[in-house]
Student: 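Before anything else, here's the structure in question.
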Amino acid sequence: MRWTGFYLFTTREVPKDAEVVSHRLMIRAGMTRRVAAGIYNYLPLGWRSLAKLMTIVRRELEVAGCVELSMPAVQPAELWRESGRWSRYGKELLRIRDRHERDFCFGPTHEEVITDQVRHDVKSYRQLPLNLYQIQTKFRDEIRPRFGLMRGREFLMKDAYSFHADVASLDETYEVMGQAYERIFEACQLDFIRVEADSGAIGGSHSHEFMVVAGTGESVVVRCGSCDYAANQERAEAVLSPPRDAESAERPEPEALEDVDTPNQKTVEDVATFLDVSPSQIVKTLIYETDKGLVAVAVRGDREINDVKLGNFLDVEWLEMAGEARVREATGAPVGFAGPVGLGEDIRLIGDYSVRQSVNFVCGANRADGHNRGVNWGRDATPESWVDLLLVEDGDPCPRCGKRLQLSRGIEVGHIFQLGTKYSEPMKCVFSDKEGNSHAMPMGCYGLGIGRTIAAAIEQNHDDKGIIWPLPLAPFEVLVAPLQVDDPEVASTAERIYRELLEKGVDALYDDRDERPGVKFKDADLIGFPLRVVVGSKSLAQGHVEVSMRRGGERQSVAVERAVVHILDLLTVG
Ligand code: ATP
Ligand code: MG
């Protein structure tokens with residue numbers, strides 16, 4: 001490809017909202033351009049990288065036994081009503097109406113459409129298992145589209161769906177897909193980890209996410225420094241302290257329950273200082289509002305609740321911290337003074353494991369400016385359940401080996417999930433077994449963000465000059481840059497090298513622009529071609545061209561006739 005015949009315009013203008021480096025660099029390098037919030041043109045240079053990733057994805061999925069198809073972006077509401085998601089899916093679902101006033105949506109995901117297809121064709125266990133995938137445009141009306149392709153509203157996703165005759169077969173495919181994902185991200189030369197993820201109401205650890213390690217990632221990853229436990233923070237299990245033996249002699253005698261004045265002492269720290277106790281001796285009571293009513297959660301004063309764990313336990317559609325008015329209504333006190341003792345009948349009380357062993361603790365007294373001390377479970381208050389609801393923090397013990405957990409950030413690029421019969425049951429996607437009995441098909445689903453993976457690759461591979469592409473994702477592998485395009489010797493040598501590279505199957509771009517060397521070098525660094533061949537009149541007079549690598553910046557003077565072989569060597573080494 002010749003630069004002047006291509007569509008490639010680098011720019012210095014970066015929109016103010018480009019907060020992360022991948023977003024800035026993709027715009028500056030002329031890979032994407034914003035059309036509307038979260039909606040982008042993939043310009044030819046950007047599209048080449050996306051296409052390379054898609055080729056890798058397709059190659060590995062075919063190895064894993066997946067079959068490609070393509071489903072519509074616009075989906076009828078009837079299918080979503082059947083699965084129950086038409087009413088449940090929130091505002092991320094872009095609902096549209098056709099000229100006959102019929103409801104449709106722009107697909108954020110395709111479980112309904114694929115399940116509808118498979119139930120139509122597949123009737124017998126003999127036709128199973130099946131694993132179908134597509135690479136296609138999704139629309140999710142994200143509340144905060146940002147970071148460019150990382151969190152768009154319209155974006156490309158590879159989504160696969162598997163159908164099975166039994167759970168053992170689902171387990172097998174799930175593992176095969178996990179391995180395929182590992183091969184895909186390895187082939188992209190990305191630094192990634194596979195972590196246990198939240199699987200919502202379905203439960204179990206049948207969901208994993210693939211995280212590209214990056215400080216700008218929106219996900220928090222919890223990893224054990226000693227064993228291979230890794231989970232995202234939403235899912236990470238907490239084990240705070242070993243349960244105290246209830247009968248143990250060390251257990252302090254229960255003190256009398258007291259009601260003490262704590263004027264204006266609202267935060268845990270305030271109360272701890274005021275009453276001269278440590279924050280961990282305080283039981284904090286948080287009031288949540290949910291679609292199933294008010295819930296109070298008791299947790300150690302110095303710790304936070306994991307809303308995802310709480311939502312899963314309560315099996316609610318939504319939850320949020322109750323506002324000032326609701327807290328007042330429920331507890332009779334302003335925010336900051338709620339407590340488990342004498343809490344109203346119409347509010348459920350759940351206890352986090354972190355306070356199960358607490359004795360003689362301090363908590364809010366459900367009145368303004370008042371706290372209880374000497375509080376004991378059983379005698380003074382009893383949660384209806386004890387559950388692990390804790391948000392895991394850096395340094396907490398590992399749930400597997402007890403050593404320290406470490407928190408870091410990652411970009412979720414892939415997500416694999418065992419769905420069970422969540423869709424096949426309501427949508428009656430059934431098969432008959434050997435005996436002729438009918439069953440709903442257990443299903444798996446497997447997502448991978450195409451644009452997000454490219455953005456993540458840039459987050460992980462750049463410097464202050466621009467992108468440093470991993471070779472497999474680079475839009476072009478080699479840039480051939482003549483410095484004086486009007487010097488016939490320079491131009492013909494550069495052109496010859498370029499043509500030979502093309503003949504050898506190398507993906508090369510020929511910078512035939514009549515620009516100053518400084519401009520060419522700047523653009524080359526910004527776009528991040530892994531290899532660059534510079535043909536300049538001075539070195540050519542000595543029979544040399546200059547070959548340099550973007551990563552590491554290593555430069556070599558190479559004899560003209562050796563240039564192509566040299567580049568081919570460098571490309572095979574990677
Ligand atoms: P997130 O928590 O980041 O919103 P998600 O859990 O909603 O992601 P899935 O429904 O599992 O994502 O989608 C599968 C994959 O699609 C994700 O792993 C991610 O790579 C990609 N993806 C999801 N939402 C977006 C988006 N708004 N923009 C770009 N890629 C996305
Ligand atoms: Mg999402």
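These numbers come from the heavy atoms of this one structure, side chains and all, not from hydrogens, waters or symmetry mates. This chain uses plain numbering: 1 for the first residue, then up along the sequence. Quick caveat: nothing in here was measured; it's all calculated off a predicted structure. When a ligand or atom number is given, it counts from 1 through the structure's own listing order.
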Student: Taking non-hydrogen atoms only, is Glu142 closer than 4.0 angstrom to ligand 1 via side chain, backbone, both or neither?
Tutor: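 The side chain, only.
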
Student: Cation-pi check, Arg97 to Phe104: give yes when NZ or CZ is under 6.0 Å from the six-membered ring centre and within 45° of the ring axis, no otherwise.
Tutor: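 Arg97 over Phe104 ring: no.
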
Student: Sort out for me which residue in Arg151, Arg452, Arg144, Arg409 forms a salt bridge (Lys or Arg N to Asp or Glu O under 4.0 Å) with Glu218.
Tutor: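 When Arg151, Arg452, Arg144, Arg409 are each tested with Glu218, the salt bridge (Lys or Arg N to Asp or Glu O under 4.0 Å) holds only for Arg151.
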
Student: Have a look at ligand 1 and work out which part of Arg140, if any, has a heavy atom under 4.0 Å from it: side chain, backbone, both or neither.
Tutor: side chain

Student: Establish, for the pair Arg95 and Trp80, whether the NZ or CZ atom is under 6.0 angstrom from the six-membered ring centre and no further than 45 degrees off its axis.
Tutor: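 No, cation not above the ring by the 6.0 Å, 45° rule.
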
Student: Regarding Asp307 and Tyr288, is there a side-chain donor-to-acceptor distance under 3.5 Å anywhere?
Tutor: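 Asp307 vs Tyr288: donor-acceptor pair found between side chains.
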
Student: Please list, in number order, the atoms of ligand 1 under 4.0 Å from a heavy atom of Gly414.
Tutor: 18 (O)

Student: Please work out which of Arg146, Arg151, Glu92 has its closest non-hydrogen atom nearest to atom 3 (O) of ligand 1.
Tutor: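 Going through Arg146, Arg151, Glu92 one by one, Arg151 has the nearest heavy atom to atom 3 (O) of ligand 1.
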
Student: Do ligand 1 and Gly449 have nitrogen or oxygen atoms that lie under 3.5 Å from each other?
Tutor: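 Such a contact does occur with ligand 1.
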
Student: Is there a heavy atom of Lys138 sitting under 4.0 angstrom from any atom of ligand 1?
Tutor: no

Student: Hey, is Glu412 touching ligand 1 through its side chain, its backbone, both or neither, going by heavy atoms under 4.0 Å?
Tutor: both

Student: For residues 134-166, pull every pair meeting ring pair (Phe, Tyr, Trp, His ring centres under 6.0 Å), keeping only residues two or more places apart or in separate chains.
Tutor: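 Counting only pairs at least two positions apart or across chains, the ring pair (Phe, Tyr, Trp, His ring centres under 6.0 Å) contacts touching residues 134-166 are Phe106-Phe139.
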
Student: Any heavy atom of Thr109 closer to ligand 1 than 4.0 angstrom?
Tutor: no

Student: At less than 4.0 angstrom from any non-hydrogen atom of Val413, what atoms of ligand 1 do you find?
Tutor: 18 (O), 20 (O)

Student: Salt bridge check, Lys309 against Asp198: does any charged N sit closer than 4.0 Å to a carboxylate O?
Tutor: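 So Asp198 does not pair with Lys309 through a salt bridge.
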
Student: Looking at His415 versus Phe417, is the centre-to-centre ring distance below 6.0 Å?
Tutor: yes

Student: Please state whether Gly152 comes within less than 4.0 angstrom of ligand 1, counting heavy atoms only.
Tutor: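 Checking ligand 1 against Gly152, which is what was asked, there is a heavy-atom contact under 4.0 Å.
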
Student: Purely on distance, is any nitrogen or oxygen of Phe155 under 3.5 Å from one on ligand 1?
Tutor: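 No; the residue has no nitrogen or oxygen that sits under 3.5 Å from a nitrogen or oxygen of the ligand.
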
Student: Measuring from the heavy atoms of Asp159, does anything fall under 4.0 Å of ligand 1?
Tutor: no

Student: Checking side-chain polar atoms at under 3.5 Å, does Asp171 have a donor or acceptor matched by the opposite partner on Gln418?
Tutor: yes

Student: Indicate whether the side chain of Thr216 and that of Glu459 have a donor and an acceptor atom separated by less than 3.5 Å.
Tutor: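 Yes, Glu459 and Thr216 have a side-chain donor paired with an acceptor closer than 3.5 Å.
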
Student: Need the ligand 1 atom indices (1-based, order shown) with element for anything under 4.0 Å from a heavy-atom of Met150.
Tutor: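 Reading through ligand 1 atom by atom, the close ones are 28 (N), 29 (C), 30 (N).
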
